[in-house]
Amino acid sequence: MTTVIDRNAATRKFLAHTEGHLATYLEGCLHCGLCAEACHFYVASRDPKHTPAYKLFPIAKAHRRNKFPLALLGLAPRVSAEDLQHWEELLFDSCTMCGRCTMACPMGIDIASIVGEARQAWVAAGLGPADLFAAADSSRDHGSPLGVTPEKLRERIEWIADEHEVEIPLDRPKADVLLTLSSVETMKYPDSVASMAKLLNHAGVSWTLSTKGYEATNFGYLAGKADIAKTMVQRIVAAAEGIGAKTVIIPECGHAFGVLRWSASNMIGRPLPFEVLHITEYLAQLKRAGKLHLKPLTEPITYHDPCQISRRGGATADARYLLQDFATDFHEMTPTGNENWCCGGGGGVQAIGRAANLRYQVFKLKMDQVEKSGAKTMVSACSNCRLTMDESKAHWKWDGGLASLVELIAEHLVEKPAS
Amino acid sequence: MTLLDFARGPALAVSFAVFTFGVAWRVLFLVLLPWSRDRSVARGSAPSAVVGAVRGFARHLWPRKAFAGAARFTTVNGYVMHFGLAIAFFGFAPHILFLQSVFGVHWPNLPSGLVSVASVVTLVSLVLALGHRFVSPVLRLISTANDYFSWFVTALPVVSGLMAVSHLWAPYETLLAVHLLSVALLLIWFPFGKLMHAFLVFVTRSETAIHYSRRGTVL
């Protein structure tokens, strides 16, 4: 079957997004190439096509042709179907929108934000990775990328509550806090769900899950399907408004935090009527309020900063605050914090099967970082990072440990000391 | 009208007009585009937009430690080239006299020997930058005609200026005319090519800085 590639639709979508900030970025790129060494895909592959600036060429081409006076003269070349086919892999498989290249760019161009918008052009053209698109469609049709429907969620939560002997409230009519979940956790890392429940119960928080809005991941955003992205946001907003939640907690998921905290209000065209906090930010608040009582973690660990939570999310310090006085043998990686290397699977890349080998190559950067740090276990606060790293660990038969920050904290809870 | 009269007169006048209106048009074009409003709630600790922009701008003046090794040549060579150009343009006595005749402002000049050294160093840095563009597989892939032409119009006034002060190969008046015409070419190309980064850098760095300072981070 021949795929019809609608380059005109792609061009229209490109141009719809070349509003002020993107146009300035596209016109400002000096082609200095400094972004290459900041990109884990380029460093892992040494293939110049993985240079972040190169990924912008199709959208820059569309923008150039549309500019006065070239638009009137028709002199600049048009975006072709071949361009779209060639750049599909570069925009989807080999960009996690981690934002590291922005830090290296002397012009300060935020390439990640352009890639996020540009992906919509591939959708319009009828191109793009089928498995990533299927995850987005499943979110719209079933409630989650992994097919966790409200009924499935109810069953799964009952099972997790029984298995871990923890109370997990679902569909309470009123609560201060709405907890959302990543279906990666619901299906693959159920300990993470139980851990969050234990921690919230321990602190005496009024909270609930909701079958009306439970999926934190937003594969609509990652796939460039803006309608699905908005639908996923609206479900959480409706659920939170329904129970009168003052706070919505995003679980260990990087892009889910980025989308709901920083983009959702722009998608729905109004400010969110609640505060959005990543689980590490919420736990840091509990710790500051003296509501977390932990015994020390003595194993040598390091912390992997999920890009959308730290570098692009601004919550770098809260994870460190949680680890302070808790992880007694903590080792930072080099580089770390906002400069940390990405896991290689963010931005939807984890869901793209054909990108697996590239992800494995990227993970070698992480293995090297951990080994040099002196830590035995790499802890993260993103289930997507964790899944990416678990698969890469298995591929390389790496003997380093991987763990979830929330699970470690829950495992080290102690009952409140008698006052 | 001699070639020098043409270069001094209509060529510089027209090219300066193209430069002025071209830069204004490109900046206005970008400013007048619809800029999306960010409705997300900034962190309580976020600085004002102005403070965020200044901080972000300053942050990009030098590469972070994590990128310093890979960026060392491009950064150092870039600064050498830009400072060299500034010394040659603003420090050379004849340039100051010419600018005074046009704009009525003047300042003390630098010794001509220092200006000559700065010009030669600038030329070397330009050659190194071009060589890097040819040698690096990344730069070869992403370089366009715009990049090479912008290099050419930047290098030409430096070369012709050095030739004029050295009285090399042709009568001084001819060399001076060629130098002025090369400046005219630079001014005409400036708003349409990569040289525009001299203005856009303030926009792009500030824009990113404001975007991320709201989030409590500096990229």
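Note: hydrogens, waters and symmetry copies are ignored here, and every other heavy atom, side chains too, is used. Here is how names work: the chains are called A, B, and so on, in the same order as the sequence lines, proteins then strands, and each is numbered from 1.
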[X] (side chain) donor-acceptor with [Y] (main chain) under 3.5 angstrom:
{"X": "A/R261", "Y": "B/V41", "answer": "yes"}
{"X": "B/T217", "Y": "A/R311", "answer": "yes"}
{"X": "B/R39", "Y": "A/G269", "answer": "yes"}

Would A/T102 and B/Y212 count as having a side-chain donor-acceptor pair, cut-off 3.5 Å? no
With no hydrogens and no angle check, just 3.5 Å: does a side-chain donor-acceptor pair link A/N266 and B/S40? no
Among [options], residue most engaged with chain B (heavy-atom pairs, under 4.5 Å):
{"options": "A/K49, A/E339, A/E37", "result": "A/E339"}
{"options": "A/A53, A/C105, A/A264, A/P271", "result": "A/C105"}
{"options": "A/T51, A/T334, A/D110, A/I268", "result": "A/D110"}
{"options": "A/R270, A/E275, A/M103", "result": "A/M103"}

Surrounding CZ of B/F19 (heavy atoms of other residues, nucleotides or ligands, distance under 6.0 Å), is the total greater than 12?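 Check passes, neighbour count above 12.
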Does a sphere of radius 6.0 Å around CZ in A/R46 hold more than 12 heavy atoms from other residues, nucleotides or ligands, not counting ones at 6.0 Å or beyond?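 More than 12 heavy atoms, drawn from other residues, nucleotides or ligands, come within 6.0 Å of this atom.
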So [Y] and [X], do their side chains get closer than 4.5 Å, heavy atoms only?
{"X": "B/T144", "Y": "A/H31", "answer": "yes"}
{"X": "A/Y25", "Y": "B/T208", "answer": "yes"}
{"X": "A/Y42", "Y": "B/V138", "answer": "yes"}
{"X": "B/F67", "Y": "A/L34", "answer": "no"}

Where does [X] contact chain B at under 4.5 Å (heavy atoms): side chain, backbone, both or neither?
{"X": "A/N338", "value": "side chain"}
{"X": "A/L272", "value": "neither"}
{"X": "A/A36", "value": "side chain"}
{"X": "A/A315", "value": "both"}
{"X": "A/T316", "value": "neither"}

Are A/E27 and B/R26 ion-paired here, with the side-chain N under 4.0 Å from a carboxylate O? yes
Nearest heavy atoms of [X] and [Y], plus distance in Å:
{"X": "A/G313", "Y": "B/R43", "result": "O-NH2, 2.8 Å"}
{"X": "A/A23", "Y": "B/L30", "result": "CB-CD2, 3.8 Å"}
{"X": "A/M107", "Y": "B/L200", "result": "CE-C, 3.9 Å"}

When only pairs under 4.5 Å are counted, which of [options] shares the most heavy-atom pairs with chain A?
{"options": "B/M196, B/R64, B/R214, B/H211", "answer": "B/R64"}
{"options": "B/V218, B/D147, B/T75", "answer": "B/D147"}
{"options": "B/A70, B/A66, B/A129", "answer": "B/A66"}
{"options": "B/L61, B/L219, B/D38, B/I142", "answer": "B/I142"}

According to ring-ring contact (aromatic ring centres under 6.0 Å, His included), who are the partners of B/F6, at least two apart in sequence or on a separate chain?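 Here no residue qualifies.
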Which residues in residues 78-91 of chain B have any heavy atom lying under 4.5 Å from a heavy atom of chain A?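 No residue falls under the 4.5 Å cut-off.
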